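Being a predicted model, the structure only gives us computed values, none of them experimental.
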Amino acid sequence: MSANAWRIALVTGGGTGIGRGIALALARRGGAVALVGRRQEPLTATAAELRTLGQAALSIAADLSDPDAWPRLIEQVHSAWGPIDTLVHNAGILAGGALLDQSTATVQACGTTNFTAPLVLTRLLLPDLIAQRGRVVLVGSTTSFVPLPYLALYGATKAGLHHFGAALRHELTPLGIGLLIAYPPATATAMTAPMAARTQADTGRQPTLATPEQIGETIVRALAQGKREAVWWGGEHLLRICYRLAPQLVERLLFAQRRRFQAMVGSGAGVTTGAGDGTL
C-alpha cells in the first residue's frame, strides 16, 4: 500500500499525546481516522482538528481494559466507513512504583490495555488488513528491552508487545501487511508531566522532551516508508544498545539509581494515551 493509498485508520489513545500526533499525521496524508479513548472531550477536540485538515474523523469513547468494548468499537468503524486498513495500537496504562503497591485491578487493567487488547484487536481486524493489504503500528518503549526499576509491570507488558510484533511480522509479511514497532523517546504529554517535574526537582534541570506532533509525524513517515522500526537516537536508544552489549554493567548502574527511579515514576497507575515513556 503506498503512502497515499490508506483510507481508514483506527488509532487507540487517539485523543491526546502521541496518539493525537499520529492521527494528525495520518490526516495530513489523506486518511480518515477513527479515534479511540476513554474520555470523550479530548477525542472530540482532536476529531475537530482532523476535520479542519479536510479529513473525516470519528471519535469512539471506549475503555480498552474492557474486552466487551473491542468488538463494539470495530463495529462502529465498520458501520460508519467500512473496512480498516491502518491499525495503530497506542493506548496504554503506565503502572509505576513498587509491585507491592499495585492493586490487582491495576495489574489486570495494565495487562489488558497494554498487551491483550492489541493482540485481540489485531486478530479481529486481520480480515480487514488482509483484504486491504494494510498496516499495523505498535507503540513500544525503552522498557521493551531494558528492565527499569519500579516499572516491572509496565515493562513486562511492553516487552510482551515487542515480542508479539516481532513474531507476528513473520505471519503478516507474506500476506502483504506491514508492521511497524515504534520506540518513542520521552515526550511532553500530560502523562510525563509529573515525572518531568520530579526529575527537575531531583536534578535541578528541566528534561528535554519531544513533542507529540514530532513523534507522530516520524512514526507515520516511517510507516509510509515501509520501515520495521521507528527509533530515535538519544539517551533511550543508547541505553538500549548498552544493555544489549553489557547487561550486567547496566543492571548494576540501574540498581544504584533505583531510588531515583522510584521517586521519578511515583506509585500507582497513570493512564496514558501513548505519551512516550523513555527515561527522563
Check: residues 145-152 side-chain donor-acceptor pairs under 3.5 Å, at least two apart:
| residue | atom | partner | partner atom | Å |
| --- | --- | --- | --- | --- |
| Y150 | OH | R259 | NH1 | 3.0 |

Would you mind writing out the side-chain donor-acceptor pairs for residues 240-252 within the sub-3.5 Å range, not counting sequence neighbours?
| residue | atom | partner | partner atom | Å |
| --- | --- | --- | --- | --- |
| R240 | NH2 | E229 | OE2 | 3.4 |
| Y243 | OH | E251 | OE2 | 3.2 |

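Judged as a side chain to side chain donor-acceptor pair (under 3.5 Å), and not counting sequence neighbours, the contacts of E49 are R20. Residues passing the side chain to side chain donor-acceptor pair (under 3.5 Å) test with E171, sequence neighbours excluded: none. Under the side chain to side chain donor-acceptor pair (under 3.5 Å) criterion, S59 pairs with Q40, sequence neighbours left out. The salt bridge (charged side-chain N to carboxylate O under 4.0 Å, His left out) check on R221 picks up E217, with sequence neighbours excluded. Applying the ring pair (Phe, Tyr, Trp, His ring centres under 6.0 Å) rule to H163 yields no partners; only residues at least two apart in sequence or on another chain are considered. Take Q214 and apply the side-chain contact (heavy atoms from CB on, under 4.5 Å) test, not counting sequence neighbours, and it matches A210, T211. Residues passing the side chain to side chain donor-acceptor pair (under 3.5 Å) test with S79, sequence neighbours excluded: E75. The side-chain contact (heavy atoms from CB on, under 4.5 Å) search around S103 returns A105, T106, not counting sequence neighbours.
No donor-acceptor pair closer than 3.5 Å links the side chain of T173 to the backbone N or O of H170. N90 contributes a side-chain N or O that, together with a main-chain N or O of G13, makes up a donor-acceptor pair within less than 3.5 Å.
Here V107 sits in one hydrophobic cluster together with L153; the rule is ILVMFWY side chains under 4.5 Å apart, joined directly or through other members.
Among residue pairs with one or both ends in residues 110-129, those qualifying as side-chain hydrogen bond (donor to acceptor under 3.5 Å, both in side chains) are H78-D128, H89-T122, N114-T157; sequence neighbours excluded.
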